[in-house]
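To start, the structure under review is shown below, and the notes come after it.
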Amino acid sequence: MRREKLTNKGFSLIEILIVIALAAIPALAVGILLSASARSWNQIYARANSKIKQDSLAFMTSVQSYGRQANQTNYKVYRVQTGQYIEAVPGGGSQVAKGQALELRYWQENFDPQSADGTTLEFSNTGTHYALYYLDGDKMKVDFGRVVGGVGAVKNGVRQTANILSTQTLAEKVDTSESADIFSHTVSGGSGSGCVNASMKLTDAQGVSVEVEMAVLLRSTWPR
Amino acid sequence: MKAKTKYRGSALALALIMIVIMTIAGLAVLKVAEGSLIGAVRIKNEAGAGSAAEAAYEKAVFWMSQQVDMLDAMDTSGISGSLAFAQSRADYNISFASFLGSRPVFKVEANGYSGIYQKTIDAYMVQAISGWEMGMCRVPSGPSSTSKVSFMTGEIIDVSLHINNLKDNPDARDIYISGSPSFLEHVSVSESRYTPGGTDKYASVNSLFQEGVSFNQPASRIADRTSVATKVTRFRDSTASAYRFTPKANSGISGGIPAVQLEFYVGNDGQGYVRITEDCTVVGYQRSGVSSNSWDYKIDPAGNGTTYTKYPVYGYHYIPGNAAKRYVRRIDNPSDSIYVTQSYGGVDGEPGAQIFVNGNVVIGSKGENASSFSELNSVKGRISVVATGNIWVANELKVSGARSGDGMPVDENPNVVGLISQGVTKVVDPGMTNNGLLSTPPTSKSGDYYEPIGNKDRVKKSPIYGRELPGTMVVEAAVTVGGGGWGAENVYRSDASTDRKNYNGSSSDNLIVRGSITEVTRGVVGCNISSTNKNGYSKMYYFDKRLMRGILPGNVWLKGKYVLIPGGWSESSSVNTN
C-alpha cells in the first residue's frame with residue numbers, strides 16, 4: 001500500500017517555540033544593548049545639557065574671557081561678610097587669600113592703533129569697566145559696570161550700583177555647604193599674583209553635582 | 001521514496017529581520033558614541049588651540065624681552081615664529097603697529113591650531129617703564145669690586161623699582177635691605193624667589209613690599225651696552241645736524257675735558273630757551289688711591305662691563321672766548337629745527353627736541369642769572385639730551401609749568417626733559433672749593449674764560465669761585481645712566497666755609513628727583529647721613545607718571561619687559577582653514 005504523502009504546511013508547536021526561543025536570545029541582547037545605550041545617551045545628554053552643567057560652563061566662560069582681558073594691578077578678591085566687601089587677605093601662615101567675590105577691571109574698547117594717542121598710556125588708565133562676580137543667595141551673579149573716578153564695584157566696603165550697566169545670573173544652585181570661598185589667589189607682599197582660581201560646586205534638586213575648578217591668568221599689568 | 005518537505009524560507013526572513021534590527025541598534029549606539037566623542041574632541045581642540053595660542057604669545061613676548069632693541073631687531077614686515085605640540089601647533093607674528101607719543105607699539109598676533117579649531121590672540125605691547133631700575137643694587141668700590149647698597153629703615157621708596165639678576169650667590173637676595181624701609185610701589189627683580197635648595201629667600205622681607213613683588217622678570221637692557229649704544233645711535237641719527245655736537249677742549253688747559261654747557265631757562269617773554277656753549281673745557285679732579293673714593297668710579301669703557309675706572313669728576317670749566325660758540329635757541333616751538341620726529345615703517349612718533357653731544361655735558365647756570373630771566377634752570381619744552389660721555393648737573397633742573405600740591409608737574413604740563421649718558425650722570429659740586437682746586441681765582445687761559453656755575457657760596461660770597469649747590473637739590477628729569485650710576489659727587493659739608501652745598505639747618509639735605517632713574521649700577525648719593533654727618537643728600541625720588549604717555553622725546557627706554565597696553569588684549573575663535 002502506498003504511504004500517504006506528507007503535506008505539512010506549517011510549523012509544529014515545538015518548531016515555533018524553538019524559533020522563538022532562538023530569536024529571543026539576540027533580540028534580548030539587542031534590547032539590553034539598546035536600553036543601555038538609550039539610558040547612557042540620556043544620561044550624557046542630560047549631563048551635557050543640564051542646567052547646572054550649562055551654568056558651570058557659562059561661569060567658566062565668563063571668568064576666563066573677562067579674566068584674560070583684566071588688569072593684574074587692581075583686581076580684588078573679597079570676603080563678603082554681612083553685606084560688606086572686604087579685600088581678602090591670606091590666613092595665618094598662608095599666602096593664599098580666599099573669598100566669595102571677585103572684581104576684575106578691564107577695558108571695554110579694544111586698542112585701535114589708528115585712533116589712539118598718548119592718553120591711552122595714562123598711568124591712571126587701569127581699566128574703564130569692571131566685572132564683579134558675587135554670590136546672591138545660591139546664585140552666582142556678575143555686575144558689569146563702568147569705573148568712574150577710580151571707583152569700580154566696591155567703595156568703602158559697599159557694593160556700588162550707580163554705574164552698573166548690566167547684571168547677569170551665571171549660575172544657580174551654587175552649593176556652599178562645603179565652602180563658600182569660590183575665588184582665591186596667591187599674595188606676594190601686598191598684591192596678588194595675577195592668577196585667580198575659582199572653585200565652585202553646583203548641586204541640583206536631584207542631588208547631581210557639577211564641580212568647577214579653574215584658573216585664569218590676568219594678562220594686563222598696566223601700569224607696571 | 002522519502003516525502004519532499006515544503007518549508008517556505010521563514011528562517012531566512014527572520015534572520016534578515018534580525019540583521020536589520022541589529023544594524024539599526026548598532027548604528028544608534030555608534031551615533032551616541034560619535035556624539036559623545038565629537039563633543040569631547042570639540043572641547044579638547046578648543047582648549048588645545050587656546051593653549052597653543054597662549055604659548056605662542058608667551059614665546060613672542062619672551063623673544064621681545066631678549067632683543068637688544070626692538071625697532072632695530074625688526075624689519076618692517078615683522079618677525080615670525082612657530083611652535084609644534086603633540087596635538088596642536090601655533091605660530092606668531094610680531095609687527096610694529098604705531099607710536100603713542102614717542103613710545104613704539106608692537107602687535108603680537110598669536111594663532112593656535114588644534115583640529116578644526118583656531119584661536120587667535122591679538123596683543124598690543126609697549127616697553128615697560130620703571131620709576132627706578134638698576135643693573136645691580138651695588139656701587140663700584142674698586143677697579144673690579146662693588147659694594148652693596150642697602151635700603152634702610154626710614155627710607156620711603158615711593159617709586160616702582162626693578163633690579164636685574166646679579167648672578168652671584170643664588171642663596172643671596174639681589175636687593176639689600178637693612179631694617180624696615182617702606183616700598184610703596186611695586187618691586188620687581190630678575191632673580192628667582194627661591195634658592196636652589198627651595199628656600200624662600202624673600203620670606204622675611206615680603207611684607208615690606210606694599211604693592212607686591214614680582215620675580216624672574218626680564219632684565220633691564222641698561223646693563224647691555226649694546227642696547228644703550230643702539231638707542232644712542234638712533235637718537236644721534238635722528239637729531240638735526242645743528243644740534244649734534246662734538247666738543248673740543250682747549251689744548252692750552254692742562255688735562256682739559258671737552259664738554260658742552262646747556263643752560264635752560266624761561267625768558268621774560270615766557271618762551272623756553274636753552275643757551276648752548278660749545279667747546280667748553282672742564283677742569284676735572286681725580287683723587288688718588290682706592291679707599292674712600294668709591295664715588296669716583298664708573299664702568300671702564302674698555303672693559304667687559306664688570307671693571308671700573310676712576311675718572312675726573314667735574315671741578316669747574318672754561319668757556320671759549322669766541323662769542324659764536326655761545327648762543328640761544330628756543331626749545332618750546334615744535335616748528336623749530338631742534339624738534340625732530342622719529343619714524344618707523346612710515347609712521348611718525350611725536351616730535352620732540354633733541355640735542356646730541358659726542359662728549360660731556362654740563363647742565364646748569366649760575367644763580368646770578370636769575371634776575372635776567374623769568375625762570376632759571378627751568379625747561380619749557382619737550383627735550384632729551386644724549387651724551388656719549390658724562391652729564392654733570394651743577395644746579396637744580398626743573399620743568400616749567402603747572403604742578404600739583406605735592407610738587408609734581410600736573411598731568412597736563414607738557415614740559416619734560418630726559419638726560420641720557422653713556423658715561424655717568426651726577427649732581428656735582430660746582431666749585432670743588434674744598435680740594436684746593438680753586439684756591440685762587442681762575443684766570444683766563446688761552447683765550448678761554450672761567451665760567452662760574454651753581455650758586456654763590458653763602459659764606460664766600462666775595463670771590464666768584466666760591467660756589468655751591470642748593471641745600472635742596474631738585475632734578476626733574478628722566479635720567480638714564482649707561483656707564484655707571486646716578487649720584488652726587490663731592491657734596492661734602494663738614495663746615496660752612498668749605499662745603500659744596502647749602503644746607504637746611506640741622507636736618508639732612510635732600511636730593512629730589514621727579515622723573516625716573518635708569519642706571520647700570522648704584523651711585524653714591526648720601527654718605528652715612530646722621531645728626532653729626534651731613535655729607536651728601538637724602539634721596540627723595542618720585543616717578544613722574546607723565547612719562548608713561550610717551551612725552552619724552554627719543555624712545556630711550558631700556559626696560560626688557562614688554563607689557564600690554566590698556567585694551568591691548570583681544571582674542572577670537574574660528575575654523576582652521578590651513
Side-chain angles (χ1 to χ4, degrees), chain A residues 3 5-9 11 19 22-23 26-27 29-31 33-34 36-38 40-41 44-45 48 64-65 68-71 73 95 106-114 116-128 187-194 217 219-224, chain B residues 3-7 10-11 14 18 21-22 25-26 28-29 32 35-36 39 54 97-98 100-101 103 105 107 122-124 126 128-130 160 183 186-188 193 202 206-215 350 411 543 545-546 548-551 561 563-571:
Chain A
R3 217 174 152 182
K5 187 179 178 181
L6 292 173
T7 57
N8 293 344
K9 292 183 177 178
F11 303 106
V19 168
L22 289 173
V30 169
L33 198 59
L34 278 173
S37 297
S40 175
W41 166 253
I44 292 170
Y45 185 87
Q64 284 283 1
S65 176
R68 279 199 291 267
Q69 297 177 57
N71 197 349
T73 63
Q95 294 183 344
Y106 63 98
W107 296 268
Q108 180 85 331
E109 300 294 330
N110 287 335
F111 171 73
D112 179 2
Q114 306 304 318
D117 58 25
T119 59
T120 302
L121 303 180
E122 292 280 6
F123 191 88
S124 58
N125 185 12
T126 55
T128 60
V187 176
S188 284
S191 70
S193 62
L217 178 61
R219 284 296 184 177
S220 287
T221 56
W222 194 259
R224 290 177 190 160
Chain B
K4 186 179 178 182
T5 56
K6 293 185 177 179
Y7 293 115
S10 300
L14 281 172
M18 293 302 298
I21 291 172
M22 293 180 71
V29 171
V32 170
S36 302
E54 295 210 36
S98 180
L100 290 180
R103 298 179 70 179
V105 179
K107 181 182 180 183
D122 289 328
Y124 290 94
V126 290
I129 294 176
S130 276
S160 61
F183 296 91
H186 189 73
V187 174
S188 78
R193 176 175 184 165
Y202 278 77
N206 242 337
S207 60
L208 299 175
F209 306 114
Q210 298 186 18
E211 286 299 311
V213 53
S214 300
F215 304 94
E350 191 86 8
D411 288 349
F543 180 56
K545 297 177 172 62
R546 301 175 306 142
M548 299 292 289
R549 299 201 314 238
I551 62 173
K561 184 177 180 179
V563 294
L564 283 165
I565 65 174
W569 178 276
S570 63
E571 54 190 46

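Below, each value reflects all heavy atoms present in this structure, side chains not excepted, and no hydrogens, waters or symmetry copies. Sequence lines set the chain letters: A, B, ... in the order given, protein chains first and strands last, and positions in each chain run from 1.
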### Task
Could you pull out all residues at least two apart from A/N110 that satisfy side-chain contact (heavy atoms from CB on, under 4.5 Å)?
B/S570

### Message
Does any part of the side chain of B/R103, heavy atoms only, come nearer than 4.5 Å to the side chain of B/E350, both counted from C-beta?
### Response
no

## Note on the structure
If one checks every heavy atom of B/E571 against chain A at 4.5 Å, the contacting part turns out to be side chain

#### Entry: Region of B/F543 that comes under 4.5 Å of a non-hydrogen atom in chain A
side chain

### Query
Are A/R219 and B/E54 ion-paired here, with the side-chain N under 4.0 Å from a carboxylate O?
yes

### Task
Could you tell me which portion of A/T221 (side chain, backbone, both or neither) has an atom closer than 4.5 angstrom to a non-hydrogen atom of chain B?
side chain

### Query
Under 3.5 Å, side chain of A/W107 to main-chain N/O of A/Q69, donor-acceptor pair present?
no

#### Entry: Atom group of B/K561 that falls short of 4.5 Å from chain A, counting heavy atoms
side chain

### Task
Would you mind checking which part of A/E122 comes under 4.5 Å of any heavy atom in chain B, side chain (CB onward), backbone (N, CA, C, O), both or neither?
both

### Query
Is it the backbone or the side chain of A/Q95 that comes under 4.5 Å from a heavy atom of chain B, or both, or neither?
side chain

### Task
Heavy-atom distances under 4.5 Å only: say whether B/R546 touches chain A with side chain, backbone, both or neither.
neither

### Task
Kindly write out the residues that satisfy side-chain contact (heavy atoms from CB on, under 4.5 Å) with B/V105, not counting sequence neighbours, or none if the list is empty.
A/F111, B/A97, B/L100, B/Y124, B/V126, B/I565

### Message
Just verifying a value: how many Å separate B/F215 CZ and A/S193 OG, rounded to the nearest 0.5 Å?
### Response
11.5 Å

